[in-house]
Amino acid sequence: MSGRVLVVDDSSVIRQLIRVNLELEGFEVVTAVDGAECLDVVHRVRPDVVTLDAVMPRLDGVRTAERLRADPRTRHLPLALVSACTELEGEGVMGDGRGVDAFLAKPFEPVDLVRMVRRLMHGRAGAAEGEGDGSFGPVSEVVEP
């Protein structure tokens, strides 16, 4: 399965790590350095999945997710928070139409990253084909190493 992933992280090392692992699995990867850049490019790039770091300058991952959910054009875009801030798991950032669809704790195993992205893409394909209401309830997950 291939698809386009928008990777948003202020660390160039993490962006490159995610890019390489996803490209090795056949995904096309576009990157952004923070949430503000993500919002600038998301409509042009038209990703199938967005991964967001939680802590970034200008606009963090949680606020970026809220803005993407508020926009009708990106409301159903699968979002994953990839962060070392594991306390965010229990703070209402997952699901319910406002938050992210998956959480992957840093440090992570590349196989867990790829599995999460594939699950999110599968969920999006099902929603695009008219299955259900477009929500990602079954896809919402916490992936821990």
Side-chain angles (χ1 to χ4, degrees), residues 1-56 59-69 71 73-86 88-145:
M1 171 192 293
S2 62
R4 184 174 298 141
V5 181
L6 176 56
V7 175
V8 187
D9 200 300
D10 60 319
S11 166
S12 61
V13 172
I14 298 295
R15 284 194 312 271
Q16 184 65 12
L17 174 71
I18 294 174
R19 172 193 287 277
V20 167
N21 281 286
L22 292 177
E23 286 179 344
L24 285 171
E25 296 295 324
F27 295 103
E28 178 184 347
V29 178
V30 179
T31 62
V33 299
D34 60 28
E37 185 179 1
C38 169
L39 296 176
D40 286 343
V41 303
V42 70
H43 300 296
R44 181 169 24 93
V45 171
R46 301 180 55 101
D48 298 302
V49 172
V50 177
T51 68
L52 298 162
D53 183 21
V55 180
M56 297 182 287
L59 188 62
D60 67 37
V62 174
R63 290 187 303 161
T64 302
E66 290 171 353
R67 291 190 186 184
L68 290 168
R69 292 291 184 240
D71 185 334
R73 297 170 295 174
T74 56
R75 178 171 292 137
H76 298 295
L77 184 61
L79 306 176
L81 202 61
V82 181
S83 179
C85 296
T86 56
L88 290 172
E89 292 175 45
E91 292 187 15
V93 298
M94 297 274 295
D96 80 5
R98 288 191 338 258
V100 298
D101 302 298
F103 183 92
L104 181 63
K106 292 177 186 174
F108 56 84
E109 292 295 326
V111 67
D112 293 328
L113 169 72
V114 172
R115 183 182 307 122
M116 177 189 68
V117 169
R118 283 188 175 142
R119 284 184 183 159
L120 289 170
M121 281 199 185
H122 179 71
R124 182 176 193 266
E129 292 166 7
E131 296 174 10
D133 62 0
S135 67
F136 294 94
V139 179
S140 295
E141 65 180 296
V142 176
V143 179
E144 295 180 9

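- Within the model, atoms CG of Asp34 and CG of Leu39 stand 9.0 Å from one another, a figure rounded to the nearest 0.5 Å.
- Look at Lys106 and Asp53 and you find a salt bridge, because one of the NZ, NE, NH1 or NH2 atoms lies within 4.0 Å of a carboxylate O, short of that distance.
- Of all heavy-atom pairs between Ala54 and Asp60, the closest is O-CB, 2.9 Å.
- Across all their heavy atoms, Leu52 and Gly61 have their closest contact at CD1-O, 3.5 Å.
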| query | Hey, mind stepping through Val117 and Met121 against side chain to side chain contact (heavy atoms under 4.5 Å, CB included) and telling me if it holds? | reply | CA-CA 6 Å; Val117 169; Met121 281 199 185; 4.2 Å; yes
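- A donor-acceptor pair is defined here as one N or O able to donate and one able to accept, closer than 3.5 Å; no such pair exists between the side chain of Arg4 and the backbone of Glu28.
- Across all non-hydrogen atoms, the minimal contact from Gly3 to Asp48 is CA-OD2, 3.2 Å.
- Looking at Leu22 and Val114, their side chains come closer than 4.5 Å, going by heavy atoms from C-beta outward.
- Using a 4.5 Å heavy-atom cutoff, the side chains of Thr74 and Arg67 are not in contact.
- Here the CG-CD distance, from Asp10 to Glu37, works out to 11.5 Å after rounding to the nearest 0.5 Å.
- Rounded to the nearest 0.5 angstrom, Gln16 CD and Asp9 CG are separated by 12.0 Å.
- Taken to the nearest 0.5 Å, the CG atom of Leu6 stands 10.0 Å off from the CZ atom of Arg44.
- Contact detail for Val29 and Thr31: the closest heavy-atom pair is CG1-CG2, 4.2 Å.
- In this structure a side-chain-to-backbone donor-acceptor pair under 3.5 Å is present from Arg69 to Gly99.
- The side-chain heavy atoms of Val49 and Met116, taken from C-beta on, include no pair separated by under 4.5 Å.
- Although no hydrogens or angles enter the test, the distance criterion places a donor-acceptor pair under 3.5 Å between the side chain of Asp101 and the main chain of Leu79.
- Nearest heavy-atom pair, Leu59 versus Ala36, reported as atom, atom and distance to 0.1 Å: CB-N, 3.7 Å.
- One distance of note links CZ of Phe108 with CD1 of Ile18; it measures 4.5 Å at 0.5 Å rounding.
- At least one side-chain heavy atom of Val62 sits less than 4.5 Å from a side-chain heavy atom of Glu66.
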| field | From CA spacing to verdict: side chain to side chain contact (heavy atoms under 4.5 Å, CB included), Arg73, Val42 | value | CA-CA 10 Å; Arg73 297 170 295 174; Val42 70; over 6 Å; no
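- Under the side chain to side chain contact (heavy atoms under 4.5 Å, CB included) rule, Pro47 has a single partner from Leu77, Val7, Val8, which is Leu77.
- Atom-to-atom distance recorded for Leu104:CG and Leu81:CG is 9.5 Å, nearest 0.5 angstrom.
- Closest approach of Gly26 to Ser2, counting heavy atoms only: O-CB, 3.3 Å.
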